[in-house]
Novice: 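One structure is given below, represented as C-alpha cells, and several questions about it will come after.
Just so you know, ligand 1 is whichever comes first in the structure, and atom 1 is the first atom listed for that ligand. Just so you know, these numbers use all the heavy atoms, side chains as well, and skip hydrogens, waters and symmetry mates.
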Amino acid sequence: MNAVIDRAVSARTSQAPLLEVKGLSVAYGKAQVVHEVGFEVRRGEFAVLLGRNGAGKTTILQAISALLPRRGGQLRFDGADVSAKDAPEIVRAGMIHVLEGHRVFTTLSVEDNLLLGTFAKNRRGDRAKLARIYDLFPILGEKRHLPASKLSGGQQQILAVAQGVIGEPQLLILDEPSRGLAPIVVDQILQVARQLCDTGIAVLLVEQLVHEALKHADYCYLLDTGRITGEGTSSEVRSGSMLQRAFLGH
Ligand SMILES: Nc1ncnc2c1ncn2[C@@H]1O[C@H](COP(=O)(O)OP(=O)(O)OP(=O)(O)O)[C@@H](O)[C@H]1O
C-alpha cells in the first residue's frame, strides 16, 4: 500500500540527485522498522530527516552506509548503483557517516584525531589535508596540539564532524550531532554543517531538534514509524501544518 505523502509545492533544483534512495526496507530480525522509504539528496544540499524517537532515522542512515543489512531497496550515488557495496566501498564512493554519539580519541591530539580521518584513503595519514580543515574550523587549528580531552563537548563534536570532512566526502551523513550539547553549541554545529554545504559538500542530517534543524537545512523529510510522511523545503515545512501532523499525529 502506498502511503499518502505530504508534499510541499516547491520545485527543487532540476539537477540529478547525488543520493537516491528507493524502496528502502530494513528489519531487525522479524521486526520491520523501515518500510519502502524513498528520498533524495542533491549536490551541496543540506537535507534533514526528522521524526519522533524510534521513527527509524538512525536505522535508515546505517542501512545507507551499509552498517546494517537492507531487506530491500535500491541506492544510487553519483549516478551509479551502490546497492551491493559494503561499508568501506560506500566510504570510497564518497559517503562518510559520522555516527550518533561518535566520540573522538580523547588522549590523542586534535591533529592526530584528524589524521585518523584520512586513513581510509592513506594508511600513513595525509597531513596535506590539514590546512583546509584548519581554514574551515579555526578553533581546531588553534588547539591542534592539545589532547582532544581539553576541548569542550561542542568542540569535540566539531572535531568528530571534521574527522568526516577530512575524508573528502561528497555526502556527509550526520546522526544527531547535537546529542548532549547545550542549545547554543547545537546552533554552532548546525552552522558548521551549513557552511560545509556552501563549499559544495552535501549533508544528510538526522536530528531531534526540529526547529534548530529547519533553521539551517534546505530540504526536509518527515518520518513516522518507518515511513516518509512529508517533505518540503525547510520554510515550507516550518510554515505549514506538516510538522504538527508528523509529530502530533493530527
Ligand atoms: N538493534 C536493534 N534491535 C532491535 N530493534 C531495534 C534496534 N535498533 C533500533 N531498533 C528499533 O527500531 C526502531 C527504529 O529505531 P531507530 O533508532 O532507527 O529510530 P530513531 O528515529 O533513530 O530514534 P532515536 O531518535 O530515538 O534514535 C525502533 O522501534 C527501535 O526500537
Novice: Please could you name the atoms of ligand 1 that A55 approaches to less than 4.0 Å, counting only its heavy atoms?
Specialist: 19 (O), 20 (P), 21 (O)
Novice: Can you tell me the protein heavy atom closest to atom 26 (O) of ligand 1 and the distance?
Specialist: N53 OD1, 3.2 Å
Novice: Of all the non-hydrogen atoms in the protein, which one sits nearest to atom 19 (O) of ligand 1, and at what distance?
Specialist: G56 N, 3.1 Å
Novice: Less than 4.0 angstrom from a charged side-chain N to a carboxylate O is my criterion; do R42 and E40 meet it?
Specialist: yes
Novice: Does R52 come within less than 4.0 angstrom of ligand 1, counting non-hydrogen atoms of the residue?
Specialist: yes
Novice: Salt bridge between D187 and K215, side-chain N to carboxylate O under 4.0 Å?
Specialist: yes
Novice: If we count only non-hydrogen protein atoms and require a distance under 4.0 Å, does atom 30 (C) of ligand 1 qualify as touching the protein?
Specialist: no
Novice: Is a side-chain donor-acceptor pair under 3.5 Å present for Q208 with N53?
Specialist: yes
Novice: Can you pull out the closest protein heavy atom to atom 28 (C) of ligand 1? Residue, atom name and distance to 0.1 Å, please.
Specialist: G54 O, 3.6 Å
Novice: For ligand 1, is any non-hydrogen atom under 4.0 Å from T58's backbone (N, CA, C, O), its side chain (CB onward), both, or neither?
Specialist: both
Novice: Of the non-hydrogen atoms in I166 and K129, which two are nearest, and what is the gap between them?
Specialist: O-CD, 3.5 Å
Novice: Report the part of Q208 (side chain from C-beta onward, or backbone N, CA, C, O) that has a heavy atom under 4.0 Å from ligand 1; answer both or neither where that applies.
Specialist: side chain
Novice: With no hydrogens and no angle check, is any side-chain donor or acceptor of K143 less than 3.5 Å from a backbone partner on L151?
Specialist: no
Novice: Would you verify that at least one protein heavy atom lies under 4.0 Å from atom 22 (O) of ligand 1, or report that none does?
Specialist: yes
Novice: To the nearest 0.1 Å, how far is atom 15 (O) of ligand 1 from its closest protein heavy atom, and which atom is that?
Specialist: T59 OG1, 3.8 Å
Novice: Hey, does V33 come in under 3.5 Å of ligand 1, counting only N/O atoms on both sides?
Specialist: no
Novice: According to the salt bridge (Lys or Arg N to Asp or Glu O under 4.0 Å) rule, which pairs have a member within residues 65-90, sequence neighbours left out?
Specialist: R43-D78
Novice: Could you walk me through whether D218 and R194 satisfy the salt bridge (Lys or Arg N to Asp or Glu O under 4.0 Å) test, starting with their C-alpha distance in whole Å, then the side-chain angles of each, then the deciding distance to 0.1 Å, before giving a yes or no?
Specialist: CA-CA 9 Å; D218 298 310; R194 170 79 267 160; 2.9 Å; yes
Novice: Check for me whether G51 has a heavy atom closer than 4.0 Å to any atom of ligand 1.
Specialist: no
Novice: Please determine whether a side-chain nitrogen of the Lys or Arg among R179 and E176 lies less than 4.0 Å from a carboxylate oxygen of the Asp or Glu.
Specialist: yes
Novice: For residues 17-33, dump all side-chain donor-acceptor pairs below 3.5 Å to protein atoms at least two apart in sequence or in another chain.
Specialist:
residue, atom, partner, partner atom, Å
S25, OG, Q32, NE2, 3.4
S25, OG, E36, N, 3.1
Y28, OH, T59, OG1, 2.8
Q32, NE2, V34, O, 3.0

Novice: Can you report which non-hydrogen protein atom sits closest to atom 11 (C) of ligand 1, along with the distance?
Specialist: Y28 CE1, 4.0 Å
